[in-house]
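Report on one structure; see the data block that follows.
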There are 2 protein chains.
Amino acid sequence: MRSSLNGTARSGDRVRAVRSPSLVPSDSAGLGFGSRIVLGDCIQVLDALPPASVDLIFADPPYNLQLQRALHRPDDSLVDAVDDDWDQFESFAAYDAFTRAWLKAAKRVLKPDGALWVIGSYHNIFRVGTALQDLGFWVLNDVIWRKANPMPNFRGRRFTNAHETLIWASRDAKARYTFNYEALKAGNEDVQVRSDWFIPLCTGDERLKDGAGRKLHPTQKPEALIARVLLSSSKTGDVILDPFFGSGTTGAVAKRLGRRFIGIERDPAYAAAAEARIALIDPLPEASLANFTTAREAPRVAFSSLVERGLVTAGTVLTDDKRRYVATVRPDGSLMSGPQVGSIHKIGALVQGAQACNGWTFWHVNDNNGRLSPIDALRARIREEMGVL
Amino acid sequence: MRSSLNGTARSGDRVRAVRSPSLVPSDSAGLGFGSRIVLGDCIQVLDALPPASVDLIFADPPYNLQLQRALHRPDDSLVDAVDDDWDQFESFAAYDAFTRAWLKAAKRVLKPDGALWVIGSYHNIFRVGTALQDLGFWVLNDVIWRKANPMPNFRGRRFTNAHETLIWASRDAKARYTFNYEALKAGNEDVQVRSDWFIPLCTGDERLKDGAGRKLHPTQKPEALIARVLLSSSKTGDVILDPFFGSGTTGAVAKRLGRRFIGIERDPAYAAAAEARIALIDPLPEASLANFTTAREAPRVAFSSLVERGLVTAGTVLTDDKRRYVATVRPDGSLMSGPQVGSIHKIGALVQGAQACNGWTFWHVNDNNGRLSPIDALRARIREEMGVL
DNA sequence: ACCTGACCTGAATCACACC
DNA sequence: AGGTGTGATTCAGGTCAGG
């Protein structure tokens with residue numbers, strides 16, 4: 001397999017562009033001037049690049065998921081798992097060795113003031129972060145990608161795995177890394193951008209499909225995520241390197257944002273799809289580059305947050321407006337009526353024998369004057385604090 | 001077993017309860033029955049506790065590298081790349097050794113089905129997560145505490161560090177850990193709780209002050225955060241251990257929520273402040289804390305018992321809710337569909353060509369009005385008779 | 001054109017009691 | 001202790017067909 005990846009390379013030159021490996025920057029593949037996709041093993045390709053030649057690296061390495069068995073949704077449909085060969089490692093030690101090897105090679109090609117982003121999940125991100133630190137990278141932030149629409153936990157055995165983690169690190173502690181603070185703040189209603197980013201998954205038209213209409217790549221990232229990475233920590237004209245290029249999202253975003261890129265990918269099918277994808281991208285007019293706003297928070301408020309903040313205390317007895325029914329607040333934000341436990345809505349429906357009930361308007365607390373006040377009034381106070389109306 | 005929890009203090013031990021190290025559980029310090037604060041080094045105290053005696057551990061370990069002079073010698077630290085900055089490697093190695101030592105000691109005192117939470121930031125959480133995995137803990141989720149009111153980044157050189165990371169891990173991959181899924185969902189608008197939690201910092205009256213009005217402890221965590229941890233992954237009466245007790249937030253929340261706790265703290269001033277703080281806590285009313293039976297835990301009912309009791313008679317034809325499939329009840333409680341005979345679940349799956357099927361909710365009978373009613377409703381009547389809801 | 005509802009899908013470490 | 005059978009469990013958002 002490995003030989004086929006670079007079998008066309010000349011002796012002593014394992015680095016080759018998918019197409020037109022010219023010696024000067026060109027754009028015959030439509031990737032943008034100075035940009036290219038290189039087919040091959042990422043460590044070998046990195047080792048063949050000149051040292052200190054890259055401004056920023058974005059890496060989406062294998063996560064080393066350790067899936068035990070098939071998973072079905074409650075409707076019995078099968079979850080399309082990431083079970084590709086490239087994500088299989090024998091042990092944590094094997095994964096660590098792989099991680100240290102590519103990080104070390106990546107560090108060599110970074111300019112002295114360069115920086116690196118890596119994305120991962122709890123399966124691998126701790127290994128990556130530890131390796132980074134051991135190799136002398138200097139962590140600047142860990143950033144949370146909060147998924148707007150994550151896959152639920154179908155068996156109800158854990159919290160919804162609703163985020164992934166990115167680590168942003170400079171080459172070393174002395175590096176004068178790029179951070180476009182003012183532009184980010186200006187695009188964020190004049191508030192500093194936080195370390196938690198709320199961005200939807202890559203779905204719909206943005207998701208690349210194969211000939212049969214199936215997803216081309218199992219882990220394609222949303223362009224909005226990469227755009228925020230590049231806009232925050234690179235400049236126009238910078239060279240961005242992605243050692244696990246996959247479907248080429250980094251290249252697509254880099255081209256659109258006026259950055260150059262080097263994408264390394266060992267699967268020829270992915271590399272070809274990426275090339276075709278990126279060729280269709282039109283760079284944005286320079287004037288328009290740095291505008292993004294953070295997504296609005298979902299205005300949903302959990303009853304449990306009222307309990308957490310002490311607006312309603314556990315043990316409080318709620319009633320309806322005519323004091324016909326009662327229920328007791330539990331510390332987890334559920335309600336109890338006799339032996340029944342459930343949400344404010346479920347228990348509201350249950351005590352009335354109704355199909356459904358809006359618990360926010362149904363249930364009331366006694367205010368200081370002995371008058372009843374709906375819990376919805378308390379929710380409004382939380383929303384005010386959140387800045388959401 | 002419970003008496004042995006506090007029967008190990010001997011003269012010469014550095015393990016000592018702050019007050020009243022009695023041989024039986026007591027509450028002379030007002031901490032709640034079975035709860036206590038132990039003064040001493042966390043590893044030594046952990047080693048003196050009986051094995052497999054703790055349900056849940058919550059740990060907020062130090063990450064300040066200056067604390068390392070008190071750390072233990074490196075045990076199995078990995079010697080790796082030769083070009084690393086030696087000083088830095090040394091300090092990380094010392095932190096790793098400390099982390100592995102306390103995690104190993106913590107694992108010993110956990111019950112087989114116990115679990116552990118650790119909180120940290122990008123300075124230390126990767127080291128902790130790696131050590132956890134290497135020691136055989138099984139990560140269940142990483143959870144993001146999104147701070148409602150984080151400290152801004154004053155110099156404008158990074159993203160606002162607006163979150164901290166918690167790792168929730170069971171003692172090992174086989175552990176049947178506690179997760180109060182239904183109650184959490186009920187308190188969250190009937191939507192399962194995600195891995196990102198939005199909670200304010202500990203400020204105002206909740207923040208403990210010293211005599212001069214300065215904050216008593218530099219990293220006091222909000223009670224709301226700990227409450228969500230304990231409510232999600234422990235039961236009333238469980239023993240919660242906090243090896244870095246500090247200002248005693250874990251104890252305060254545990255007492256309020258009807259859990260027992262063991263707090264280990266090496267600073268007598270913190271331990272004393274924690275004790276005083278916790279003594280003032282009133283546990284919530286028992287009515288709001290009662291454990292309840294979830295659908296998973298409800299006693300099994302055999303379909304044959306419905307037939308035996310005449311709730312369904314042999315020969316009845318069952319259908320699904322859309323009357324697409326039929327099957328006939330046999331006197332032994334099995335179903336027959338054509339030539340196939342099997343359980344309500346097996347036949348339900350078979351007629352649909354599905355992997356699995358919950359026969360209780362799939363199959364229906366015609367009630368007196370000619371409407372369909374799931375056989376699960378009949379099971380509920382049996383469970384009522386049994387006194388279980 | 002617009003609405004409704006059925007159907008599909010996403011980096012997932014997703015049982016457990018009983019014999 | 002290993003094999004077997006029961007039976008509990010999903011959210012947001014997109015597409016697409018049909019009215």
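In what follows, chains are A, B, ... by sequence order, proteins preceding strands, each numbered from 1.
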Do [Y] and [X] meet the salt-bridge criterion of a basic N to acidic O distance under 4.0 Å?
{"X": "A:Asp80", "Y": "A:Lys215", "answer": "yes"}
{"X": "B:Arg296", "Y": "B:Glu182", "answer": "yes"}
{"X": "B:Asp113", "Y": "B:Lys111", "answer": "no"}

(request) Give one of base, sugar-phosphate or nothing for A:Cys202, where a contact means two heavy atoms less than 4.0 Å apart. (result) nothing
(message) What contact category does B:Thr294 fall into here, base, sugar-phosphate, or nothing, at under 4.0 angstrom with non-hydrogen atoms?
(response) nothing
What is the distance, to the nearest angstrom, from the [atom1] atom on [X] to the [atom2] atom on [N]?
{"X": "A:Glu206", "N": "D:dT15", "atom1": "CD", "atom2": "C1'", "answer": "16 Å"}
{"X": "A:His217", "N": "C:dG10", "atom1": "NE2", "atom2": "P", "answer": "13 Å"}
{"X": "A:Gln220", "N": "D:dG14", "atom1": "CD", "atom2": "C1'", "answer": "15 Å"}
{"X": "B:Asn358", "N": "D:dG5", "atom1": "CG", "atom2": "P", "answer": "17 Å"}
{"X": "A:Phe159", "N": "D:dC11", "atom1": "CZ", "atom2": "P", "answer": "14 Å"}

If we call it a pair only when both distances are under 3.5 Å in a Watson-Crick or G-U wobble match, what pairs with [N]?
{"N": "C:dC14", "answer": "none"}
{"N": "D:dG7", "answer": "none"}
{"N": "C:dC7", "answer": "D:dG14"}
{"N": "C:dC19", "answer": "D:dG2"}

How far does the [atom1] atom of [N] sit from the matching atom of [M], given to the nearest Å?
{"N": "D:dG5", "M": "C:dA12", "atom1": "P", "answer": "31 Å"}
{"N": "C:dG10", "M": "D:dG7", "atom1": "C1'", "answer": "26 Å"}
{"N": "C:dT13", "M": "D:dA8", "atom1": "P", "answer": "23 Å"}
{"N": "D:dT9", "M": "C:dA11", "atom1": "P", "answer": "26 Å"}

For the residue pair [Y] / [X], report whether a side-chain donor-acceptor contact shorter than 3.5 Å exists.
{"X": "B:Gln352", "Y": "B:Arg324", "answer": "no"}
{"X": "B:Gln192", "Y": "B:Tyr181", "answer": "yes"}
{"X": "A:Asn124", "Y": "A:Tyr95", "answer": "yes"}
{"X": "B:Arg228", "Y": "B:Ser232", "answer": "no"}
{"X": "B:Thr319", "Y": "B:Trp363", "answer": "no"}
{"X": "A:Ser195", "Y": "B:His163", "answer": "yes"}

(request) Quick one: pull up NZ in B:Lys235 and CG in B:Asn180 and give me the separation to the nearest 0.5 Å. (result)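 The distance works out to 6.5 Å.
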Atom pairs under 3.5 Å, N or O on each side, protein against nucleotides 1-9 of chain C: can you list them with distances?
none

(request) Go through D:dG7, C:dA11, D:dC11 for me and flag the one nearest to the B:Gln192 side chain. (result)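 The nucleotide sitting nearest to the side chain is D:dC11.
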Would you tell me if any nitrogen or oxygen in the side chain of [X] comes within less than 4.0 Å of OP1 or OP2 on [N]?
{"X": "B:His345", "N": "D:dG7", "value": "yes"}
{"X": "B:Ser343", "N": "D:dG5", "value": "no"}
{"X": "A:Arg207", "N": "D:dG13", "value": "no"}

(request) Any chance you could list the contact pattern along nucleotides 12-19 of chain C? Use B for base contacts, S for sugar-phosphate-only contacts and - for none, protein heavy atoms under 4.0 Å, 5' to 3'. (result) BBBSSS--
(message) Syn if the chi torsion is within 90° of 0, anti otherwise; quick check, which is C:dT13?
(response)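 The base of C:dT13 is oriented syn (glycosidic angle within 90° of 0).
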